[in-house]
Amino acid sequence: MATFTPIPLDRAETIARQSPTPNDTALRIEKVQVEHRLQLVNTWRIPPGSKILEIGCGQGTCTTVLATAVGPDGHVDAVDPGPPDYGSPYTLSQAQAIISSGDLGSRITWHNAEPTDVLATSGEKNWDFAVFSHCIWYFDNRDVFSTILRAMEGRVGSVLVAEYALKATERDAEPHLLSAIAKASLEAHNPASTANIRCLLSPAGIKEIAEASGWKVGEESNIVPAAGLLDGVWETGEVRSQSFVDEVEKRITSPRVKEMLLSSREAVIASYAAMDGRKTRTMDVWATSFTPAE
């Protein structure tokens with residue numbers, strides 16, 4: 001592999017255009033999402049020529065950044081078990097097809113399957129890195145993460161992780177932090193949930209699982225996302241909405257749990273109101289790497 005060189009953030013718009021962006025607003029949103037992933041790749045120091053196994057690729061925002069980082073001599077196996085028709089305005093399959101038709105397409109292989117199935121059916125193939133970028137909270141429980149890590153033993157050189165830090169350096173990110181806790185608390189009472197926050201693992205919890213699964217924790221970084229990253233806006237809006245109340249009424253029978261969830265929502269509303277009209281920021285992001293334990 002070649003020596004690592006940071007990717008300039010001013011390449012974000014060019015990379016964003018590899019993904020489906022039907023209008024200028026969508027392009028602006030995607031550009032900020034790409035900038036955040038560029039920060040992650042530069043923090044992880046992924047060099048050109050790398051072979052990457054990406055877990056939870058979704059519609060491919062991080063995939064395009066990883067494909068840019070590895071260059072023409074590298075490759076990304078992008079894995080996601082989600083239904084191909086999931087997503088709007090573009091489904092997973094539509095978004096991935098658009099990326100495949102572009103300049104980065106030859107560097108990417110998509111796998112619509114469980115990560116453990118990909119590992120089990122890929123023969124003796126190995127990867128330099130496995131990437132978990134904002135996907136761990138999607139898992140049903142911590143055992144899913146542990147099972148994947150154990151299946152990677154002897155197949156992956158390093159595991160690279162980025163997940164929300166459950167920390168708000170910027171005060172205007174507090175509503176996002178509170179919203180994540182409220183959403184996870186509600187989804188904990190829905191065994192069939194497909195929501196994007198199901199397993200609210202903290203950095204400490206993720207490290208605990210990794211170490212118990214045979215991996216050693218490397219250098220850790222805390223990233224304060226740019227103001228334009230809208231995940232905090234979206235999550236807070238969901239909890240503030242009437243649909244959150246409707247879900248509580250639908251899912252919860254225990255009066256005590258119901259009051260806890262509704263009060264959690266009120267805490268989000270109060271935190272949001274205290275910003276006096278300022279836009280909700282996205283909470284801090286924790287990034288680290290794991291290598292095989294001795």
Side-chain angles (χ1 to χ4, degrees), residues 4-46 54 56-69 95 99 104 131-138 160-181 183 196-197 200 202-203 206 219-240 268 271-289:
F4 165 76
T5 302
I7 305 174
L9 296 187
D10 61 12
R11 292 187 62 184
E13 183 169 333
T14 300
I15 298 171
R17 290 184 182 277
Q18 296 284 326
S19 298
T21 50
N23 52 51
D24 289 343
T25 299
L27 177 61
R28 286 194 297 272
I29 293 172
E30 186 70 8
K31 177 175 177 288
V32 180
Q33 294 285 338
V34 167
E35 287 174 350
H36 174 60
R37 271 71 182 181
L38 284 172
Q39 281 187 283
L40 296 178
V41 166
N42 289 339
T43 298
W44 290 325
R45 302 179 63 83
I46 296 176
E54 182 193 7
C57 64
Q59 291 170 308
T61 295
C62 190
T63 313
T64 59
V65 176
L66 293 171
T68 300
I99 293 170
L104 300 175
V131 171
F132 293 78
S133 176
H134 294 291
C135 69
I136 293 174
W137 284 7
Y138 281 78
L160 309 176
V161 171
E163 195 50 89
Y164 293 116
L166 292 177
K167 172 184 174 185
T169 295
E170 296 287 342
R171 184 174 180 182
D172 288 352
E174 288 179 359
H176 184 208
L177 172 56
L178 293 171
S179 294
I181 295 170
K183 285 191 66 177
N196 61 338
I197 302 181
L200 195 73
S202 67
I206 292 171
E219 183 178 349
E220 301 175 60
S221 301
N222 188 78
I223 297 169
V224 178
L229 195 69
L230 297 180
D231 298 69
V233 172
W234 297 329
E235 301 285 0
T236 302
E238 287 183 28
V239 175
R240 291 171 51 235
V268 172
S271 180
Y272 178 81
M275 295 195 305
D276 294 326
R278 297 188 302 276
K279 186 170 67 175
T280 303
R281 295 283 296 261
T282 298
M283 76 172 95
D284 297 12
V285 173
W286 171 75
T288 192
S289 63

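For the numbers below, each heavy atom of this structure counts, side chains included, while hydrogens, waters and symmetry mates do not. Source: prediction; values computed, not measured.
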Next on the checklist: Could you go through Glu54 and Thr63, starting from their C-alpha distance and side-chain angles, then the distance that decides it, and tell me whether this counts as side chain to side chain donor-acceptor pair (under 3.5 Å)?
Outcome noted: CA-CA 7 Å; Glu54 182 193 7; Thr63 313; 2.6 Å; yes

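- Proximity of a side-chain donor or acceptor of Asp284 to a complementary backbone N or O of Asn222 within less than 3.5 Å is not detected.
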Next on the checklist: As a quick check of understanding, evaluate side chain to side chain contact (heavy atoms under 4.5 Å, CB included) for Ile206 and Thr288, giving each step before the final call.
Outcome noted: CA-CA 10 Å; Ile206 292 171; Thr288 192; 5.9 Å; no

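- Taking a 6.0 Å sphere around CG of Asn23, one finds it holds more than 12 heavy atoms contributed by other residues, nucleotides or ligands.
- Rounding to the nearest 0.5 Å gives a distance of 10.5 Å between OG1 of Thr169 and CD of Glu174.
- A donor-acceptor pair under 3.5 Å is formed between the side chain of Glu163 and the backbone N or O of Ile136.
- The structure places CD1 of Ile99 at 11.5 Å from CD1 of Ile15, a figure rounded to the nearest 0.5 Å.
- Applying the ring pair (Phe, Tyr, Trp, His ring centres under 6.0 Å) criterion to Tyr138, with sequence neighbours excluded, gives no partner residue.
- Not counting sequence neighbours, Trp286 has no partner by the ring pair (Phe, Tyr, Trp, His ring centres under 6.0 Å) test.
- In this structure, the salt bridge (Lys or Arg N to Asp or Glu O under 4.0 Å) partners of Arg17, at least two apart in sequence or on a different chain, are Glu13.
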Next on the checklist: One pair to check against side chain to side chain contact (heavy atoms under 4.5 Å, CB included): His134 and Asp231. What are the steps and the verdict?
Outcome noted: CA-CA 11 Å; His134 294 291; Asp231 298 69; over 6 Å; no

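- One distance of note links CD1 of Ile181 with NE2 of His176; it measures 10.5 Å at 0.5 Å rounding.
- Sorted by first then second residue, the ring-ring contact (aromatic ring centres under 6.0 Å, His included) pairs that include residues 4-35, not counting sequence neighbours, number zero.
- The closest side-chain heavy-atom distance from Val41 to Thr68 is not below 4.5 Å.
- When side chains are defined from C-beta on, Leu200 counts as touching Leu166, because their heavy atoms get closer than 4.5 Å.
- Between the CE atom in Met283 and the CG atom in Leu178 there is a gap of 9.0 Å [rounded to 0.5 Å].
- Rounded to the nearest 0.5 Å, atoms CD1 (Ile29) and CD (Gln33) are 8.5 Å apart.
- Note: Ile197 CD1 to Lys183 NZ = 5.0 Å, rounded to the nearest 0.5 Å.
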Item to check | From CA spacing to verdict: side chain to side chain contact (heavy atoms under 4.5 Å, CB included), Trp137, Asn196 | outcome: CA-CA 7 Å; Trp137 284 7; Asn196 61 338; over 6 Å; no

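- Closest non-hydrogen pair, Ser19 versus Gly60, comes out as OG-O, 4.4 Å.
- Contact annotation: the side chain of His36 approaches that of Leu40 to within less than 4.5 Å [non-hydrogen atoms, C-beta and beyond].
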Checklist entry - Run the side chain to side chain contact (heavy atoms under 4.5 Å, CB included) check on Ile46 and Leu160 step by step: do they pass? => result CA-CA 10 Å; Ile46 296 176; Leu160 309 176; 3.7 Å; yes

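- Pairs passing the side-chain hydrogen bond (donor to acceptor under 3.5 Å, both in side chains) check and including a residue from residues 272-282, sequence neighbours excluded, read Asp172-Arg278.
- Qualifying salt bridge (Lys or Arg N to Asp or Glu O under 4.0 Å) partners for Glu30, counting only residues two or more places apart in sequence or in other chains: none.
- Summarising the geometry of Ala16 relative to Thr21, their closest heavy-atom pair is O-CG2, 3.9 Å, with the distance given to 0.1 Å.
- The nearest pair of heavy atoms linking Thr64 to Leu104 is O-CD1, 3.5 Å.
- Residue Pro225 comes nearest to Val285 through the heavy atom pair CG-CG2, 4.0 Å, listed as atom of the first residue, atom of the second, then distance.
- In terms of heavy-atom proximity, Leu9 sits nearest to Glu35 at CD2-O, 3.8 Å.
- Residues Lys167 and Leu177 approach most closely at N-CD1, 4.2 Å, considering heavy atoms.
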